[in-house]
Amino acid sequence: MKGGSFFVIGGLFMDRYDFDVVESKWQERWEKSGIYQVVETPEKPKFYCLEMFPYPSGDLHMGHVRNYTMGDVVARFKRMKGFNVLHPMGWDAFGMPAENAAIKRGIHPAEWTWNNIANMRRQLKRLGLSYDWDREVATCDPRYYRWTQWLFLLMYHRGLAYKKRAIVNWCPSCKTVLANEQVIEGECWRCHSTVTKTELDQWFLRITAYADRLLEDLKLLKGWPEQVRIMQENWIGRSEGVEFLFGVKGSDKKFAVFTTRQDTIFGVTFVVLAPDHPLVKEITAGTPYEAKVAEFAEKCRLMPEIVRTSAERDKDGIFTGAYAVNPMNGEEIPIWVADYVLMEYGTGAVMGVPAHDQRDFEFARKYGLPIKVVIQAPDGSLDAGTMKEAYPGEGYMVNSGQFDGLSVENGKAAIAQYAEEHGLGSRKVNYRLRDWLISRQRYWGAPIPIVYCDKCGVVPVPERSLPVLLPETVSFEPGQISPLGSCKQFVETTCPKCGGSARRETDTMDTFICSSWYYYRYCSPHDTELPFSRAAVDYWMAVDQYIGGIEHAVLHLLYSRFFTKVLHDAGLTKEVEPFTNLLTQGMVLKDGAVMSKSKGNIVAPDDIISRYGADATRVFILFAAPPEKELEWSDTGIEGASRFLNRTWRIVTAIAGLKGSREAAFERNGQRSAEDTELNRSLNATIQKVTNDVEGRFNFNTAIAAMMEFVNQLYAYMEKVPADKRNPGLLLECAEKLLLMLAPFAPHMTEELWSQLGHEDSIHLQTWPVFDQKALQRETSIIVIQIDGKVRDRIEVQAGLSGEELERAALSAERVKKWLGNRQIARIISIPDKLVSIATRP
RNA sequence: GCGGGUGUGGCGGAAUUGGCAGACGCGCAGGACUUAGGAUCCUGUGGGUUACCGCCCGUGAGGGUUCAAAUCCCUCCGCCCGCACCA
């Protein structure tokens, strides 16, 4: 038979299928029939499949396509597996770009945002994603941000939202403050400008009150990548130690010093205060040191954070003229001020133990301060006079009075206990995590629902008065105050308490607040009584599978965990963690670099879909790399995906055209040729592999590879078996089960072929195929024979032979005899149905 | 510096429990069909060698454990990511 002839169907040669027609046809039908809409169905197991919702920047990029295609495959697969699947989509719609567009082009942020949403919704629908669009949310919609404000008030009433004057991160380009998490290597996470410091009255959320639980519950997140858990652990930065109270010589002033190395307290030869430590001014006031120290502190204040906290930089410091008293031994030691000590961490004061801390060592060397060994190395080699670097390791205590001889670990416990018993200090836990600064001096965000009254002070807006609406007409030009501040009608209000005149808070909330609870809103998106209905949330939460970029490892994922815990404590929800399983997908690259306008290497989803169709785009983006890895976009690679779909189309339409195939399907147990048996085995092996790859480990790439292989097998069968010897019933079964497996990946083409095979119901409402264990069994196995570790022969034997039988068969093989020659057999290992390994000696 | 990841053909990648390295795809080469092919179908494709039966080498480098190592252990190198004076 000549290649290609079995594709002639009804006289027509079907070369390629028309994806444009097929895809839009089914998208319309799915929308009309609402097949992806879900309601709570207690008798069915639920599955909440969620992808991080996008910022509506205007156009979908390939990273979105990858993220949402993965989620869609999981959602469709779980549906076919019998789950009631919640798979929603929405918009993280507040944020700076909308405001910048308004300033630049005179479009209102709302208009710009809603236009972008409309375009991106169109693009998502074009990809054939199975969302329940009835549940769509947009965080900039008053029906949504009303509840964001409600949740702020919940925090406020629980003592978790507070306002304080603080030194904060300021982005001069965005003209707003930033939370610590949003400063990446000294730069603004969004625009990469260098962040400066400024002092402002700002709103904070007390996330530090949850530091321990956020850390502790990371243990529950077994379905998260270890990397993300470690990043959160590092960010929270828990450390245990002792806070000592040091006295100031010649006064009754005291100051606290935090250390994790209380065992080295006898080695303190100086103490260092942060330049902005309040004690600095007190101890230098009226002394000859005052002016110089103040000048030094000012220099530090002006230094950009990134420079000041760089570990490589030489440490600068200055003596204050004052002396501190070591609470443990009464020693008097000089008080210095240095740039390497940060007011934000611990107590803003550090005890200098140069012998056992590298930073202190460098500082002591630079300024000629004494070095005193108090932990001797096990080999007794440490000598203060000859040390080249600090010794932070294990050893035993020396020069420490009654504590001499203790190990580091025992010394830590003993000193801590002694300090507590004698009122010299107390055990303390410190965190690197800071409270979450949430005020933003911008317009396009949810207004903070707070009113300032001269008589009543800070007054929360009552729940019944929510939402505090954004005024429509304001000047968006950023300045030192929020744009809302320039809007009189907004600012001027009456006090909810006393009815007198009052002013509204003019800052808006960090958009990360809006995205910290959206997954709850999806559960009951139209609720007008509460942010979400308890019954709906109890049914759907937690999210069973969350998919998104690793860039949110600390930001969004930490904030959301915090919100979930607060909601739980408030009795609004039952779960303590929002996302049971997390998949962090890798980035999409082009020519080895991230796609960006400036590099000019952007591949636009719309262009690709127009040229190859949504199904081919989906298949390629899943096939090109495993989900967590970076994916290199390839223009020829997508051709391959397109070829595979067309190849599938042709073979399935050919099978559909086989005369009497449907009738023949009832004769499944009739005669089988060897080729039939092998094809059937191949079908079941493919079902097993695809199921396992999708369900167990999200390896969509190998699942697609397995289906490609199976399609190749179908072609080989057609090539090998003459038309009159083919088994139409088996071929039909192969075609149908292949389509079912491919349906989550290529939903349009499979739906079309499914209907062409005569089915009335959507393929997406079918049950996932099950493989037949019996069909997998072979009558014979190929056994590999190794001699001294090298493969020397393969023999075909009856399946299931015992080790002994295998050995006998192996040793009687001609090639084996030849290779063995007259060498002696030292050992034989046989693994049934796999291999025989023979070790020899001369 | 600390923590994590990773290194496999010309390229993307596979090998799930230590058991035939390179599945699948791209690219390339040859053939078939064809007025034509950038469509489609078939064949080949890690390197070396060769009477195309094989044989030798081969998973960043070196060493080790084992009948057997991409996989486990040790030393080193490259790249990527996170944290980075955190007391």
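The chains referred to below are lettered A, B, ... by the order of the sequence lines, with proteins before strands, and numbering in each begins at 1. No experiment lies behind these values; they were computed from the predicted model shown.
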Of the listed nucleotides rG4(B), rA87(B), rA39(B), the one nearest the side chain of E226(A): rG4(B)

- request: Looking only at side-chain atoms of R647(A), point me to the closest of rC41(B), rU16(B), rC85(B).
  value: rC41(B)

- request: Could you tell me the separation between the NZ atom of K629(A) and the P atom of rG5(B), rounded to a whole number of Å?
  value: 15 Å

query: Rounding to a whole Å, what distance do you find between W819(A):CH2 and rC53(B):C1'?
result: 12 Å

- request: Taking side-chain hydrogen bond (donor to acceptor under 3.5 Å, both in side chains) as the test, write out the residues that go with T691(A), two or more places apart.
  value: W768(A)

task: Could you work out which one of rG82(B), rG54(B), rC85(B) sits closest to the side chain of R815(A)?
output: rG54(B)

- request: With heavy atoms under 4.0 Å as the rule, sort T347(A) into base, sugar-phosphate or nothing.
  value: nothing

- prompt: Who are the salt bridge (Lys or Arg N to Asp or Glu O under 4.0 Å) partners of K366(A), not counting sequence neighbours?
  reply: D314(A), D316(A)

- prompt: Within the side chain of R618(A), is there an N or O that forms a donor-acceptor pair under 3.5 Å with the backbone of A746(A)?
  reply: no

message: Closest approach to the side chain of R697(A), judged atom by atom: which nucleotide of rC41(B), rG19(B), rU16(B) is it?
response: rU16(B)

- request: Please determine, for rA29(B), whether a Watson-Crick or G-U wobble partner exists with both distances under 3.5 Å, and give it or none.
  value: rU43(B)

message: Considering every strand and a 4.0 Å limit on heavy-atom distances, what is the contact class for V341(A): base, sugar-phosphate, or nothing?
response: base

field: Check: F363(A) ring centre within less than 6.0 Å of Y340(A) ring centre
entry: yes

message: What contact category does S634(A) fall into here, base, sugar-phosphate, or nothing, at under 4.0 angstrom with non-hydrogen atoms?
response: nothing

Closest listed nucleotide, where the reference is the side chain of K315(A) and the choices are rC41(B), rC85(B), rA87(B): rC85(B)

query: In terms of the angle between their ring planes, are Y17(A) and F19(A) parallel, tilted or perpendicular, with boundaries placed at 30° and 60°?
result: perpendicular

- request: Would you indicate which nucleotide in rG4(B), rC83(B), rA87(B) comes nearest to any side-chain atom of S239(A)?
  value: rA87(B)

query: Taking O4'-C1'-N9-C4 for purines and O4'-C1'-N1-C2 for pyrimidines, is rG9(B) syn (within 90° of 0) or anti?
result: syn

task: Taking only the side-chain heavy atoms of R792(A) (C-beta and beyond), determine which of rA15(B), rC55(B), rU66(B) contains the nearest atom.
output: rC55(B)

field: Spacing of R229(A) atom CZ relative to rC81(B) atom P, expressed in whole Å
entry: 22 Å

What N/O pairs connect the protein and nucleotides 20-24 of chain B at under 3.5 Å? Give each pair on its own line.
| residue | atom | partner | partner atom | Å |
| --- | --- | --- | --- | --- |
| rC20(B) | O2 | R794(A) | NE | 2.9 |
| rC20(B) | O2 | R794(A) | NH2 | 2.7 |
| rA23(B) | O2' | E709(A) | OE1 | 3.3 |
| rA23(B) | O2' | E709(A) | OE2 | 3.2 |

query: Tell me: NZ of K790(A) to C1' of rA69(B), nearest whole Å?
result: 13 Å

- request: Go ahead and name the base partner of rC24(B); Watson-Crick or wobble counts if both distances stay under 3.5 Å, otherwise write none.
  value: rG12(B)

- prompt: Among rA87(B), rG4(B), rC41(B), which nucleotide sits nearest the side chain of I230(A)?
  reply: rG4(B)

